[in-house]
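Atom set for the values below is all heavy atoms of this structure, side chains included, hydrogens, waters and symmetry mates excluded. Below, read A as the first sequence line, B as the second, and so on, with proteins coming before strands; counting in each chain starts at 1.
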Protein chains: 2
Amino acid sequence: MPRQSKETPTDHVFAALAHPVRRDLLAALLDGPETAQSLADRYEMARPSVAEHLKVLRGVGLVSERPAGRNRYYSLTPEPLALLRAWLEPYEQFWRGRMSRLASLLEKEPLS
Amino acid sequence: MPRQSKETPTDHVFAALAHPVRRDLLAALLDGPETAQSLADRYEMARPSVAEHLKVLRGVGLVSERPAGRNRYYSLTPEPLALLRAWLEPYEQFWRGRMSRLASLLEKEPLS
DNA sequence: ATAATACGTAGGATATTTCCTACGCGTCAA
DNA sequence: TTGACGCGTAGGAAATATCCTACGTATTAT
């Protein structure tokens, strides 16, 4: 399997979540919408840098924006995280498979 | 909150999963242990490059190795993915909150 | 012993990411 | 209108990540 040539939405979500600052930004938005400026203040980071990160998050649909006068409020839209959960699925099955195999093993040979 | 200075295990798991090739490698290992060489063949990539990726995955505990003569079998150890699921938790709660608020809104003002 | 093969890692070229300052645009207050 | 403020983005420096070939080591086959 020589790696799919096209990048999938899941690829982009993983890439967006790879950076600690972007995950921090998402966490901050759990408490409600905020502006780029106030987020920049919170993280001791230049506002344009925060704006870039927000752009990435918006690109994968994890964040949406609402203009309000000269302000612009960013809010969390967690739907794309469903892709992450879907990706996780086969590994959890794999894990459960291992666990049950271990369980049946212990059943046959207890306390050895 | 000026960003935690120390990197957490969760940070490292996200970083490890950020690269498409590393996710492909994990997916390949779902079918059972494999050597670096056979993985390299599958992905049309130089073996040392695959070895580097495996090193990263091993660093976060997603992969373990078992030497066997001059071969070395890598296998999937999905436990660290629990960190990812834990990270996901607050966002799923956030999501459910939005859904239920929408539901109660529709209940009060149906089909408008 | 010798040849072949699998391995990890070093060294380094290249690509990508991240972060900043500088700028121009739009909005609000005076 | 004018000045202050918030915004996004361009441009570029610096840090990271990625991928390769080259090398040395260990194991198997001849």
Starting at [atom1] of [X] and ending at [atom2] of [N], how long is that distance when rounded to a whole Å?
| X | N | atom1 | atom2 | value |
| --- | --- | --- | --- | --- |
| A/Leu57 | C/dT17 | CG | P | 14 Å |
| A/Leu54 | D/dC7 | CG | C1' | 12 Å |
| A/Asp41 | D/dC5 | CG | P | 14 Å |
| A/Asp24 | C/dC19 | CG | P | 11 Å |
| B/Arg66 | C/dA6 | CZ | P | 16 Å |
| B/Leu39 | C/dC7 | CG | C1' | 14 Å |
| A/Glu34 | D/dG6 | CD | C1' | 15 Å |
| B/Tyr43 | D/dC19 | OH | C1' | 17 Å |

Can you tell if the side chain of [X] reaches within under 4.5 Å of the side chain of [Y], non-hydrogen atoms only?
| X | Y | result |
| --- | --- | --- |
| A/Leu26 | A/Leu17 | yes |
| A/Val60 | A/Pro80 | no |
| A/Val63 | A/Leu25 | no |

With respect to the phosphate group of [N], does any side-chain polar atom (N or O) of [X] fall under 4.0 Å of OP1 or OP2?
| X | N | value |
| --- | --- | --- |
| B/His19 | D/dA17 | no |
| A/Ser49 | C/dT18 | no |
| B/His53 | D/dA17 | no |
| A/Thr35 | D/dG6 | no |

> Nearest nucleotide by nearest heavy atom, which residue falls closer to the 5' end of DNA chain C, A/Val56 or B/Glu52?
Replying inline: B/Glu52

> Base, sugar-phosphate, or nothing: which does B/Arg58 touch, judged by heavy atoms less than 4.0 Å apart?
Replying inline: nothing

>> Please determine whether a side-chain nitrogen of the Lys or Arg among B/Asp11 and A/Arg23 lies less than 4.0 Å from a carboxylate oxygen of the Asp or Glu.
In response: yes

>> Starting the side chain at C-beta, find the nucleotide from D/dG6, D/dC19, D/dT9 nearest to A/Gln37.
In response: D/dG6

>> Nearest to the side chain of A/Ala51, heavy atoms from C-beta on, is which of C/dC7, D/dT9, D/dG6?
In response: D/dT9

> Parallel under 30°, tilted from 30 to 60°, perpendicular over 60°: which one fits the rings of B/Trp87 and B/Phe14?
Replying inline: perpendicular

>> Across nucleotides 22-30 of chain C, 5' to 3', mark each nucleotide with B, S or - according to how protein heavy atoms within less than 4.0 Å reach it.
In response: B----BS--

>> Between B/Thr77 (side chain only) and B/Gly61 (backbone N and O only), is there a donor and an acceptor less than 3.5 Å apart?
In response: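 Indeed, once roles are kept as given, a pair shorter than 3.5 Å links the two residues.
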
>> Is it the case that the side chain of B/Tyr91 and the backbone of A/Ala27 share a donor-acceptor pair, with hydrogens and angles ignored and the cut-off at 3.5 Å?
In response: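 Answer holds: yes.
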
